[in-house]
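Both backbone and side-chain heavy atoms feed into the values below; hydrogens, waters and symmetry mates do not. Residue numbering restarts at 1 for every chain, and letters A, B, ... go by the order of the sequence lines.
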Amino acid sequence: MGADTFRYSSPLGELSYCWDGEVCREVNLLDAPADNPTGSDPIREWLDAYFSGEVLALPPLAAARSPFQASMRQCLLNIPRGETLSYGEAAKQLGTAPRAMGQALGANPLPILIPCHRVVAAHGLGGFSCGLEWKRRLLAFESGGTKL
DNA sequence: GCATTTGTGGCTT
DNA sequence: AAGCCACAAATGC
């Protein structure tokens, strides 16, 4: 299938996403400069809104790899902007163990779209698959200035 | 207060 | 099936 990877220059950094024309398959947070991307698709619109401080309904996303990841996805989406949830609390809601939460979150192929960055450790920041810097930026962006 | 250990469940290979 | 992990709570120092 013609799944292509598009770039997006956000105020917080560069990121790329894999849009196959129907669903968003994957999202990657980069740390290198990129060209100003062009094109229009639901993902870009969503990102555009997101980085403007707005919250939209999510574009079509690729199905979760496992039922648990689906649950986790919903749990994460339930976290309001600017709020954070500890791994422990999230695990509680999902009826699982904190450690499993971390692993599941790390396995999440759709960061930002699925706000996995809103899940932090109980007594620290925790970790982030695509680089902790992104997590910091995102959290600072969300909690600090709702707008840019 | 910090370092170590254990309980825990799902993910990747 | 085995090992790995982005945690947390309980101990030990």
* Any idea which of dG9(B), dA8(C), dC11(B) is nearest the Q69(A) side chain? -> dC11(B)
* To do: Send over the distance from M72(A) CE to dC7(C) P, rounded to a whole Å.
  => 14 Å
* Asked: Which nucleotide, dA6(C), dC11(B), dA8(C), lies nearest any side-chain atom of A121(A)?
  -> dA8(C)
* For G106(A), report the nucleic acid contact type (base, sugar-phosphate, nothing); a contact means any heavy atom under 4.0 Å. => base
* Spacing of Y87(A) atom OH relative to dA8(C) atom P, expressed in whole Å -> 8 Å
* Asked: Is there side-chain contact between T96(A) and M101(A), with heavy atoms separated by less than 4.5 Å?
  -> yes
* Under 4.0 angstrom between S86(A) side-chain N/O and dC7(C) OP1 or OP2 -> no
* Does dC2(B) have a Watson-Crick or wobble partner in any strand here, with both distances under 3.5 angstrom, and which is it? -> dG12(C)
* Expressed in angstrom and rounded to an integer, what is the separation of L29(A) atom CG from dA6(C) atom P? -> 17 Å
* Asked: Over how many whole Å does the gap from L132(A) atom CG to dC7(C) atom P extend?
  -> 11 Å
* Proximity to the side chain of A107(A) - top-ranked nucleotide from dT8(B), dA8(C), dT12(B) -> dT12(B)
* Find which nucleotide of DNA chain B each of N108(A) and G102(A) is nearest to by heavy atoms, and output the residue with the more 5' nucleotide. => G102(A)
* To do: Would you indicate whether the side-chain heavy atoms of I112(A) and W46(A) approach each other to under 4.5 Å?
  => yes
* Quick one: is the NZ or CZ of R136(A) closer than 6.0 Å to the six-membered ring centre of F128(A), and within 45° of its axis? -> no
* Structure fact -> To the nearest angstrom, the CD-P distance between E89(A) and dC7(C) comes to 16 Å
* Asked: Separation of H123(A) atom NE2 from dG1(B) atom C1', in whole Å?
  -> 10 Å
* Could you state the atom-to-atom distance from CE of M101(A) to P of dA8(C) in whole Å? => 10 Å
* So F141(A) and F51(A), would you call those rings parallel, tilted or perpendicular, with 30° and 60° as cut-offs? -> tilted
* Check if the side chain of R99(A) and the base of dG7(B) share a donor-acceptor pair of N or O atoms closer than 3.5 Å. => yes
* Indicate, with a heavy-atom threshold strictly under 4.0 Å, whether T96(A) touches base, sugar-phosphate, or nothing. => sugar-phosphate
* Asked: With N108(A), which of L113(A), I114(A), V27(A) fulfils side chain to side chain contact (heavy atoms under 4.5 Å, CB included)?
  -> I114(A)
* Asked: Atom CD of Q103(A) to atom C1' of dG7(B): distance rounded to whole Å?
  -> 16 Å
